[in-house]
K.L.:
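I am attaching a structure below and will ask some questions about it afterwards.
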Amino acid sequence: MTEEYDYDLVVVGGGPAGSSTAFTAAKSGIKVALLEKENSIAETVRTSGVTWIESIKEFEIPGNCYNPIKNFSFVSPNNEVTISDSIATAAVLDVRKTYRWLAHEAEKAGADIFVKININEVIKNENNDIVGVSGTGPNGKMIFHSKVIIDATGFTSVISKAMGFVTQWKRFGAGAEYEAKVENVDPDTWWLMVGQEYTPAGYAWIFPLGNNIIRIGVGVGKPESDIDPTQRLKEIIEKQLGPIKKLGKITPIEFHYGLIPNDGLSRKTVFNNLILVGDSAGQANPLVLEGIRYAIKFGRVAGKVASDAIKNKKTDADALYPYEENWRNAIESKINSAGKVQDRWIGLSDKEWDKELDIIKELKTEEFLDFIKADFGLSNMLKLAVSHPKLAVRQLFNLVKGK
Ligand SMILES: Cc1cc2nc3c(=O)[nH]c(=O)nc-3n(C[C@H](O)[C@H](O)[C@H](O)COP(=O)(O)OP(=O)(O)OC[C@H]3O[C@@H](n4cnc5c(N)ncnc54)[C@H](O)[C@@H]3O)c2cc1C
């Protein structure tokens, strides 16, 4: 049996980007469908869920969705640094709870949520512009006609690929992690672990969720390394490397695996009747490969721009361009700078990592936070490139400045 629907806006993908787009679009009064292929929103977790309290407050994410973090520890083969703050500035999200809250907000605003729908085809008009999508649902084929479609399918970018607008990301991060119960962990402190033994191109992490639960994982840059992150994760746990030893017995609760684009902001993100948002648009901070706050922030922008365009009955690429202009103005130069630091980090030997941690030790808390968030320019960071007494620090920040 074929089911057929008509909507103003169809959002494909019920991750943070899709739910946030559906939320603002439905709030503005247009008819919105949010389509998710899994049995429920956030059935599979593919992320470590670290984000920033500032963003949590901006998005009004409820307090029971996250564990606040005050201390940021880095460990390299022969060095260690902890940057501490008096108040919590970062957080580890309960990913499932947060993503379901985002979807519920969209539903409350009036969006219709469909789960168990795997979208695999696009519908085009005589000009080859997208005017709908189709796929398989619980009862057979489902067709959705729509004035604007949002590709929020994440890394796979299903809709943009089906339109022939994009190909597979070439440079990306692959990550594997356990959510696990441990014997000892400080709930206020996260750990980033760098060097060849942890991972040859990337970093490993311990992110606490409270109640002696952690996410422990390994990320590997592709194509720079052909290491399998799952295998490497098992090895570093078995060897009890660095801070892992202090955790005591590690009892896995759930395994997570995911891919995140790391090709820079290379994609065009608006086409006639189509917007790409979140990972499908490549909106991620390459330094620590975090994209949740961008997915939510620019999802909300996409929902507003799409609904304005639909109300004005003009939904071509020009009409949708304010979305691309908005996110590029907000993050393009920061992401480009972060990409340069990442290029430097990916090539560091163990000895060089030990030295890099000495540079990080020189940073004040707010400078470190702006740095790791890729919020270059917010503090006096760029002044560091000129006036810091240590040459190595000046060199690092000159890189950020692009010199
Ligand atoms: C290992 C790892 C760790 C990470 N850690 C962090 C972190 O600590 N902090 C951070 O901010 N970011 C992190 N990220 C990145 C973050 O997860 C992404 O940037 C974010 O999830 C992007 O959201 P999204 O909505 O664009 O895509 P996704 O979260 O991938 O959501 C896409 C949704 O679309 C659905 N979908 C896909 N195809 C179809 C289809 N054909 N039909 C219907 N539905 C479909 C999927 O099931 C999914 O629900 C990490 C990524 C990885 C891989």
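Each ligand, and each atom within it, is numbered from 1 in the order the structure gives. Because only heavy atoms are used, hydrogens play no part in the values below, and waters and symmetry mates are left out as well, while side chains stay in.
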K.L.:
What protein heavy atom lies closest to atom 27 (O) of ligand 1? Include the residue and the distance to one decimal.
P.N.:
G154 CA, 3.5 Å
K.L.:
Which residue supplies the protein heavy atom nearest to atom 12 (N) of ligand 1, what is that atom called, and how far is it?
P.N.:
G291 N, 3.0 Å
K.L.:
At a 4.0 Å cut-off, with the gap strictly under it, does some heavy atom of A284 reach an atom of ligand 1?
P.N.:
no
K.L.:
Report yes if some N/O of I292 lies less than 3.5 Å from some N/O of ligand 1; otherwise report no.
P.N.:
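By distance alone, the answer is yes.
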K.L.:
Against heavy atoms of G258, which atoms of ligand 1 measure under 4.0 Å?
P.N.:
53 (C)
K.L.:
Do any heavy atoms of G49 fall under 4.0 Å from ligand 1?
P.N.:
yes
K.L.:
Do R293 and ligand 1 have an N or O pair less than 3.5 Å apart?
P.N.:
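Between R293 and ligand 1 (N or O atoms, distance only) the closest approach is not under 3.5 Å.
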K.L.:
Provide, to 0.1 Å, the distance between atom 34 (O) of ligand 1 and the closest protein heavy atom, together with that atom's residue and name.
P.N.:
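Ranking protein heavy atoms by distance from atom 34 (O) of ligand 1, first comes G13 CA, 3.1 Å.
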K.L.:
Taking D151 for its side chain and T153 for its backbone only, find out whether a donor-acceptor pair lies under 3.5 Å.
P.N.:
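Confirmed, D151 side chain pairs with T153 backbone.
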K.L.:
Looking at atom 19 (O) of ligand 1, what's its closest protein heavy atom, distance included?
P.N.:
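Its nearest protein heavy-atom neighbour is D279 OD1, 2.7 Å.
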K.L.:
Are the side chain of S160 and the backbone N or O of F165 linked by a donor-acceptor pair below 3.5 Å?
P.N.:
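Not confirmed, S160 side chain does not pair with F165 backbone.
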K.L.:
Ring-plane angle category for F72 and W52, please: parallel below 30°, perpendicular beyond 60°, tilted otherwise.
P.N.:
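Taking W52 first and then F72, their aromatic rings sit tilted (interplane angle of 30° to 60°).
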K.L.:
Check H256 against ligand 1 and report side chain, backbone, both or neither, counting heavy atoms closer than 4.0 Å.
P.N.:
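For H256, there is no contact with ligand 1 at all, from either part.
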K.L.:
Just how far is it from atom OG1 of T315 to atom CD1 of I275, taken to the nearest 0.5 Å?
P.N.:
10.0 Å
K.L.:
Should V50 be counted as touching ligand 1, given the test is an N or O pair under 3.5 Å?
P.N.:
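N/O-N/O distance below 3.5 Å exists for this pair.
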K.L.:
Using side-chain heavy atoms (C-beta onward) and a distance below 4.5 Å, is T136 in contact with N120?
P.N.:
yes
K.L.:
Check each of K37, R46, E290, E38 against atom 2 (C) of ligand 1 and report the one with the nearest heavy atom.
P.N.:
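Ranked by closest heavy atom to atom 2 (C) of ligand 1, first place is R46.
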K.L.:
Parallel, tilted or perpendicular: which one describes the rings of W345 and W353, with boundaries at 30° and 60°?
P.N.:
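Ring orientation of W345 relative to W353: tilted.
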K.L.:
Hey, is the main chain of L35 close enough, under 3.5 Å, to the side chain of D112 for a donor-acceptor pair?
P.N.:
no
K.L.:
Check this for me: does any side-chain nitrogen of one of K108 and E105 sit under 4.0 Å from a carboxylate oxygen of the other?
P.N.:
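Here K108 pairs with E105 in a salt bridge, since their nearest N and O are under 4.0 Å apart.
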K.L.:
Using a plain distance cutoff, I'd like to know if S48 has any nitrogen or oxygen under 3.5 Å from a nitrogen or oxygen of ligand 1.
P.N.:
yes
K.L.:
May I ask you to check whether V158 has an N/O atom sitting below 3.5 Å from an N/O atom of ligand 1?
P.N.:
no
K.L.:
What residue among E43, E38, E254, E179 forms salt bridge (charged side-chain N to carboxylate O under 4.0 Å, His left out) with R96?
P.N.:
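When salt bridge (charged side-chain N to carboxylate O under 4.0 Å, His left out) is applied between R96 and each of E43, E38, E254, E179, only E254 qualifies.
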K.L.:
Give the residue and atom name of whichever protein heavy atom lies nearest to atom 41 (N) of ligand 1, and the separation in Å to one decimal.
P.N.:
I119 O, 2.9 Å
K.L.:
So for ligand 1, is P16 a polar contact partner (N or O within less than 3.5 Å, distance only)?
P.N.:
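Yes; at least one N/O pair falls below 3.5 Å.
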K.L.:
Determine, using heavy atoms of L35 and all atoms of ligand 1, whether some pair is separated by less than 4.0 Å.
P.N.:
yes
K.L.:
Do side-chain atoms of K222 reach the backbone of S225 as a donor and acceptor pair under 3.5 angstrom?
P.N.:
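Between the backbone of S225 and the side chain of K222 there is a qualifying donor-acceptor contact (under 3.5 Å).
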K.L.:
Is there a donor-acceptor pair under 3.5 Å between the side chain of D263 and the backbone N or O of K170?
P.N.:
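Yes: the side chain of D263 pairs with the backbone of K170.
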K.L.:
Between A152 and ligand 1, which residue portion shows a heavy-atom distance shorter than 4.0 Å: side chain, backbone, both, or neither?
P.N.:
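Backbone only.
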K.L.:
Can you label the angle between the F298 ring and the W327 ring as parallel, tilted or perpendicular, going by 30° and 60°?
P.N.:
tilted
K.L.:
Please check whether T51 reaches ligand 1 - meaning an N/O of the residue sits under 3.5 Å from an N/O of the ligand, judged on distance alone.
P.N.:
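For ligand 1, there is no N or O atom that lies under 3.5 Å from one belonging to T51.
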K.L.:
My understanding is that only one of E4, E121, E3 makes a side chain to side chain contact (heavy atoms under 4.5 Å, CB included) with I143; could you say which?
P.N.:
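With I143 as partner, E4, E121, E3 yield a single side chain to side chain contact (heavy atoms under 4.5 Å, CB included), made by E4.
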K.L.:
Considering L259, I117, V45, N118, which one's heavy-atom position lies nearest to atom 43 (C) of ligand 1?
P.N.:
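The residue whose heavy atom sits nearest atom 43 (C) of ligand 1 is I117.
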K.L.:
Is it the case that the side chain of S157 and the backbone of K161 share a donor-acceptor pair, with hydrogens and angles ignored and the cut-off at 3.5 Å?
P.N.:
no
K.L.:
Check ligand 1 against G15 and write out every atom of the ligand that is under 4.0 Å from a heavy-atom position of the residue.
P.N.:
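Per the distance check, 25 (O), 31 (O), 33 (C), 49 (O).
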K.L.:
How far is atom 37 (C) of ligand 1 from its nearest protein heavy atom, and which residue and atom is that?
P.N.:
T153 O, 3.5 Å
K.L.:
Can you list the ligand 1 atoms lying under 4.0 Å from a non-hydrogen atom of G278?
P.N.:
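The list of qualifying atoms is 26 (O).
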K.L.:
Run the numbers for me: atoms of ligand 1, each under 4.0 Å from some heavy atom of E36, listed by number.
P.N.:
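With E36 as reference, the close atoms of ligand 1 come out as 33 (C), 34 (O), 35 (C), 43 (C), 44 (N), 46 (C), 47 (O), 48 (C), 49 (O).
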K.L.:
Within the 4.5 Å heavy-atom criterion, are I253 and Y178 side-chain neighbours or not?
P.N.:
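No, every pair of side-chain atoms sits at 4.5 Å or beyond.
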K.L.:
Closer than 3.5 angstrom, by distance alone: can the side chain of T24 be matched with the main-chain N or O of R300 as a donor-acceptor pair?
P.N.:
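Judged by distance alone, yes, a pair lies under 3.5 Å.
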K.L.:
Before signing off on this row, confirm whether A17 and ligand 1 have an N or O atom pair separated by under 3.5 Å.
P.N.:
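By distance alone, the answer is yes.
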K.L.:
Report the part of L289 (side chain from C-beta onward, or backbone N, CA, C, O) that has a heavy atom under 4.0 Å from ligand 1; answer both or neither where that applies.
P.N.:
backbone
K.L.:
Would you say Y99 contacts ligand 1, with heavy atoms under 4.0 Å as the rule?
P.N.:
yes
K.L.:
Among all the protein's non-hydrogen atoms, which is closest to atom 16 (C) of ligand 1, and how far away is it?
P.N.:
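Minimum-distance protein heavy atom for atom 16 (C) of ligand 1 reads T47 OG1, 3.8 Å.
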K.L.:
Does the N or O separation between G175 and ligand 1 drop below 3.5 Å for any pair?
P.N.:
no
